[in-house]
Peer 1: 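Please find one structure pasted underneath; my questions will follow.
Just follow the structure's listing: the first ligand is 1, and inside any ligand the first atom is 1. For the single chain, residues carry numbers from 1 onward in sequence order.
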Amino acid sequence: MDVCAIILAAGKGSRMKSKYHKGTHKVCGKEMINILIDKLKKCGVDDINLVVGEYRESLIDVTKDKSVTYSFQEQQLGTGHAVLSAYDFLKNKKGNVLIFACDIPLFKEESINELLSVHFKEENSLTFVTSVLDDALSYGRIIRKDGKVFCIREAKDCTKEELSINEINTSLYCFKIEDLLDGIKNIKNCNAQNEFYLTDIIEIFNGKNKKIGTICADKNEVVGVDSRKQLSYANELLRKEINENHMNNGVTFLNPESTYIDMDVKIEKDVIIHPNVCIYGSTVIEEDCEIFSNTKIVNSFIGKNTKIDSSVIYDSKVGENTNIGPFAYLRPNSIIEDAVKIGDFVEIKNSTIGSGTKISHLSYVGDAVVGKKCNLGCGIVTVNYDGKDKNKTIIEDECFVGCNVNLVAPVTVERNSYVAAGTTITEKVDSNSLAIGRCKQTNIENWVIKKFK
Ligand code: UD1
């Protein structure tokens, strides 16, 4: 497909009241600019140029892995001038270019495909997206004559009568590159804002009998984000859509209004999600899991039929048939294998916990490898930090570590051994052994009676 894209992103977006570019603000977990870039790529448009200006550093930073190119618009003299700033990107190209504003995160892939398909089918010089709003606010109005688009009039330049029109311009266009380059150099800035309006190209095209077509999108798809209030509204609309999609795919939500799921999360069927759950990033949850209230899962994988209650999980992998929580904290790089129990007030960091192991209460396991079918009692602590370095604890398969044990790393407890409660382990424990490292108990008879006589 001979289509490239330009995203106009040089505007200040000053109503966001932010030190970062508007396009870097996230909707359901992803920066608005990257939502647009990813959708374009899914539609087969890979050659993408961003016109950047104010706050460009933050915008370039969040898009640096997206294989896009940049044009610079030093002064923001209007959308027509912004497109001219991308002249070098366009000048040797044939075919067609999509030109999108950067702040329309809800426009769907299907609608991008529809825009392209109408553009090709009707062989238009320009096809663009309109919408019909109850309150057209400051959007440019579509002025039609005999049904055909005559021009787009910016709200500030409209007569009272024109302001009552509620078909608006969304700033989503598809142009034949040749016609765009020919027309754009004739745009002037004689208007209320002294800006070079891209929209003026319509009158120029009409003067040259170039074909112009439109598609009309649902008003919820073209919500523009220009303020924190609109950002919150876009989040609300997209969140609702995401949750509905999961429900349509067989996921139960006890209270979708209080469930926050990012756009790239994958959830399989027959998962049950209780109220007040947040699932972020690239998390995958396999079928039959149950996620109870007050759980936050970020960029993690959860295997089949696992239950997670009131817990926080970052960048980790949890196996099948496992129970996590209540009140567990899995920090990055934790691998919890199958049929494991991680109970209340247990923190795991950068550790692997083998299948069938239980760490049921009040423990810290960091930088450790714990084997299969172990039982780690209440209050065990891997003493992984010596004030300078992080050290590793290895507990091999089928070990029993009693309550209140400190394992001073680096240290290994070999397979099938026991560590007595209250022991501080500083040396290797050989397999099949009992390690006991505490003072022998002494009972002094009648000590209390003598003391308080
Ligand atoms: C523009 C349209 C208007 C439409 C509205 C939809 C024009 C003249 N008007 O309005 O018809 O209803 O979008 O949102 O095109 N930008 C630059 N450089 C500039 C100016 C803008 O890159 O010099 C970028 C902005 O970053 C933004 C996009 O162009 O992504 C649209 O600009 P914005 O100021 O939001 O819209 P308007 O120009 O008011």
Peer 1: With distance as the sole criterion, is a donor-acceptor pair present between the side chains of Asn391 and Asp386 under 3.5 Å?
Peer 2: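 Yes, Asp386 and Asn391 have a side-chain donor paired with an acceptor closer than 3.5 Å.
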Peer 1: Who pairs with Val62 by side chain to side chain contact (heavy atoms under 4.5 Å, CB included), at least two apart in sequence or on another chain?
Peer 2: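 Here the qualifying residues are Thr24, Glu31, Ile33, Asn34.
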Peer 1: Pairs under 3.5 angstrom, nitrogen or oxygen on both sides, ligand 1 versus protein: list them out, please.
Peer 2:
unit_1	atom_1	unit_2	atom_2	d
ligand 1	9 (N)	Glu154	OE1	3.0
ligand 1	9 (N)	Glu154	OE2	3.1
ligand 1	11 (O)	Glu154	OE1	3.4
ligand 1	11 (O)	Glu154	OE2	2.8
ligand 1	11 (O)	Asn169	ND2	2.8
ligand 1	12 (O)	Gly140	N	2.9
ligand 1	12 (O)	Asn169	O	2.7
ligand 1	13 (O)	Ser171	OG	2.8
ligand 1	15 (O)	Thr79	OG1	2.7
ligand 1	18 (N)	Gln73	OE1	2.7
ligand 1	22 (O)	Ala10	N	2.9
ligand 1	23 (O)	Gln73	OE1	3.4
ligand 1	23 (O)	Gln73	NE2	3.1
ligand 1	23 (O)	Leu77	N	3.4
ligand 1	23 (O)	Gly78	N	2.9
ligand 1	23 (O)	Gly78	O	3.2
ligand 1	26 (O)	Gly11	N	2.9
ligand 1	30 (O)	Leu8	O	2.7
ligand 1	30 (O)	Cys102	N	3.2

Peer 1: Under a 4.0 Å N-O cut-off, is there an ion pair linking Lys66 with Asp38?
Peer 2: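 Counted as a salt bridge, because a side-chain N and a carboxylate O are separated by less than 4.0 Å.
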Peer 1: With sequence neighbours left out, which residue pairs that include part of residues 158-172 fulfil the salt bridge (charged side-chain N to carboxylate O under 4.0 Å, His left out) condition?
Peer 2: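 Found Arg144-Glu167, Arg153-Glu162.
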Peer 1: Is there a donor in the side chain of Asn276 and an acceptor in the side chain of Ser293, or the other way round, less than 3.5 Å apart?
Peer 2: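 Side-chain D/A pair, Asn276 to Ser293: absent.
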Peer 1: Restricting to side chain to side chain contact (heavy atoms under 4.5 Å, CB included), what partner residues turn up for Ala217, sequence neighbours left out?
Peer 2: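 In terms of side chain to side chain contact (heavy atoms under 4.5 Å, CB included), with neighbours along the sequence ignored, Ala217 is linked to Phe107, Val129, Val222.
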